[in-house]
Amino acid sequence: MGFQEELFQKRRRGFVVLKNVFLSGLFLVLLALLLGRLMYVCRDKRDNWRQDNFAQLPRDSVDVVFIGNSHQFCSVNTDLLYDEYGINGFMLATPAQTVPMSYYAAMEAIELQHPDVIVFEVLYCANDFRTVLPELSHSFFDGMPACRAKWEGIRDLIEEEERIYYHLNFGRYHSRWKSLTEEDFQSDLTSPRGSFFCDTIEPNWNIPVVPRGEKKEMPEEMLQYLEKMVELCRENDVRMVWYVAPFNALKDEEAFYEDVFERQRVFNWVEDYAQDQGIPFYNLFYEIDQIGFDWEKDFMDTQHLNCYGQEKLTRYMAERGYFGF
């Protein structure tokens with residue numbers, strides 16, 4: 001074989017190798033995109049669409065981020081805040097978002113947006129658990145983009161044998177194809193600011209309130225995550241605002257009120273802690289009369305406000321500068 005022919009064969013083999021590498025890489029990229037799309041389509045998005053919308057926002061485009069559980073997103077309307085008061089906020093609260101989960105929500109908010117203010121609704125300071133039922137833990141993590149907060153949160157809060165289903169959640173939802181609807185293929189499922197809307201009306205009754213002097217320390221492990229949240233915000237020059245939205249007992253019976261009273265005692269303790277840390281705290285149990293709830297119209301159940309009560313509470317807080325603006 002002549003020199004020219006040998007050189008040609010070497011180049012040909014090199015081209016074949018490069019072609020195979022390129023095609024293999026292209027296949028892996030397409031496979032990853034397909035898997036990502038399948039995980040999105042098959043995922044139950046009823047409770048985690050906020051994370052999807054938050055991940056798609058332009059960086060540094062949000063001034064205030066709201067974290068916490070359902071009492072947070074049932075209490076504040078971020079669309080109304082922007083339309084009527086020019087406050088550009090995002091509702092990053094998810095159902096049953098525990099204090100540890102809220103810490104990682106604050107980390108995510110700072111990592112992706114670095115807002116001026118993080119507003120935390122403190123209801124779950126009275127609870128002593130790191131996560132909740134798997135379906136609600138998935139509500140928090142599944143829509144979260146690949147970021148430090150997600151990786152650290154899963155490693156910290158999820159049992160080792162379950163973590164793979166939070167990074168590759170197709171394994172959890174693969175059978176859901178049987179119940180897919182047109183909505184599952186859409187990417188814009190809600191308000192661009194994460195607002196929650198519910199016009200269900202259930203009559204409520206006056207909420208009983210314990211004296212301010214009655215206090216109970218919050219669970220120790222939850223306090224550790226609260227302290228981590230405070231330190232995280234300080235290190236990143238983010239202001240915090242804490243508040244608690246008023247709620248009632250599940251039923252108008254004496255046996256159901258003790259839980260509400262115990263929680264209120266914890267909120268009073270958290271208020272003292274917030275004052276020691278220089279964090280504004282608004283215990284709205286003691287401002288119920290000023291807010292002026294309509295007990296026949298403003299609640300979706302005894303625990304949560306509907307859209308009418310939500311608008312009322314949002315305006316009340318905004319007009320008093322409770323959101324830090």
Side-chain angles (χ1 to χ4, degrees), residues 49-94 97 102 105-106 108-110 112-123 188-201 229 233 236-247 267 271 274-275 278-294 297-300 304-325:
W49 34 256
R50 292 183 184 84
Q51 291 281 17
D52 291 308
N53 284 11
F54 191 67
Q56 295 171 13
L57 292 174
R59 193 170 183 83
D60 299 325
S61 62
V62 175
D63 298 323
V64 54
V65 172
F66 296 83
I67 61 175
N69 56 82
S70 58
H71 286 233
Q72 174 73 290
F73 63 70
C74 287
S75 297
V76 176
N77 184 322
T78 45
D79 289 329
L80 184 152
L81 272 183
Y82 182 77
D83 293 340
E84 296 190 10
Y85 301 95
I87 298 174
N88 189 5
F90 192 91
M91 181 58 66
L92 199 56
T94 51
Q97 189 180 105
S102 289
E108 176 192 5
I110 293 171
L112 300 184
Q113 285 293 329
H114 204 286
D116 297 322
V117 179
I118 289 178
V119 177
F120 176 45
E121 204 281 336
V122 306
L123 170 67
D188 185 14
L189 298 178
T190 186
S191 152
R193 295 181 176 82
S195 286
F196 173 79
F197 179 88
C198 178
D199 59 2
T200 298
I201 296 176
M229 189 191 303
C233 290
N236 290 277
D237 196 27
V238 175
R239 291 180 287 139
M240 294 204 79
V241 173
W242 296 354
Y243 82 100
V244 59
F247 58 92
F267 304 148
E271 181 172 12
Q275 290 176 350
I279 298 171
F281 183 96
Y282 304 103
N283 189 331
L284 299 184
F285 278 95
Y286 299 108
E287 301 183 38
I288 291 174
D289 291 340
Q290 297 94 307
I291 297 169
F293 288 124
D294 182 339
K297 179 183 176 183
D298 289 343
F299 288 81
M300 60 182 286
H304 302 87
L305 297 171
N306 58 23
C307 61
Y308 310 109
Q310 180 192 59
E311 289 183 3
K312 188 173 293 184
L313 187 61
T314 301
R315 291 190 177 100
Y316 178 85
M317 296 181 72
E319 290 168 7
R320 287 157 181 77
Y322 284 6
F323 299 125
F325 292 92

Q: According to the interplanar angle, ranging from 0 to 90°, do the rings of F247 and H71 count as parallel (below 30°), tilted (30 to 60°) or perpendicular (above 60°)?
A: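 Answer is perpendicular, since the angle exceeds 60°.
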Q: Testing the 3.5 Å rule here: is there a donor-acceptor pair between the side chains of S195 and N77?
A: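 Yes, a side-chain donor-acceptor pair sits under 3.5 Å.
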Q: How far does CZ of R320 sit from OH of Y316, to the nearest 0.5 angstrom?
A: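 The distance works out to 4.5 Å.
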Q: Is the closest side-chain heavy-atom distance between T94 and F73 below 4.5 Å?
A: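 No, every pair of side-chain atoms sits at 4.5 Å or beyond.
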Q: Between Q113 (side chain only) and V62 (backbone N and O only), is there a donor and an acceptor less than 3.5 Å apart?
A: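 Flag set: sc Q113 to bb V62 pair under 3.5 Å.
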Q: Residues two or more places apart in sequence or in another chain: which of them pass salt bridge (charged side-chain N to carboxylate O under 4.0 Å, His left out) with D63?
A: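 If we apply the salt bridge (charged side-chain N to carboxylate O under 4.0 Å, His left out) test to D63, skipping adjacent residues, there are no hits.
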Q: Please check this pair: side chain of Q310 against backbone of L305, looking for a donor-acceptor N/O pair closer than 3.5 Å.
A: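 Absent.
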Q: Just to verify, what does F323 make a ring-ring contact (aromatic ring centres under 6.0 Å, His included) with, not counting sequence neighbours?
A: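 Testing F323 for ring-ring contact (aromatic ring centres under 6.0 Å, His included), a comparison that skips the adjacent residues, returns F66.
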Q: Identify every side-chain donor-acceptor pair in residues 80-92 under 3.5 Å, counting partners at least two apart or on other chains, and give the distances.
A:
residue	atom	partner	partner atom	Å
E84	OE1	R315	NE	3.0
E84	OE2	R315	NH2	2.8
Y85	OH	E319	OE2	2.8
N88	ND2	S61	O	2.6

Q: Starting from the C-alpha separation in whole Å, work towards a yes-or-no answer on side-chain contact (heavy atoms from CB on, under 4.5 Å) for M317 and L284.
A: CA-CA 10 Å; M317 296 181 72; L284 299 184; 3.9 Å; yes
Q: State whether the number of non-hydrogen atoms from other residues, nucleotides or ligands found under 6.0 Å of D60 atom CG is greater than 12.
A: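 Buried by this count: over 12 neighbours within 6.0 Å.
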Q: What's the separation between atom CZ in R239 and atom CD1 in I118, rounded to the nearest 0.5 Å?
A: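 It comes to 11.5 Å.
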Q: Ignoring hydrogens and geometry, is there a side-chain-to-backbone donor-acceptor pair from N306 to Y308 under 3.5 Å?
A: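 Present.
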Q: Please check if any side-chain donor atom of E287 sits under 3.5 Å from a side-chain acceptor atom of Y322, or the reverse.
A: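 Yes, Y322 and E287 have a side-chain donor paired with an acceptor closer than 3.5 Å.
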Q: Donor-acceptor pair, T78 side chain versus R193 backbone, under 3.5 Å?
A: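 Side chain of T78 to backbone of R193: a pair is present.
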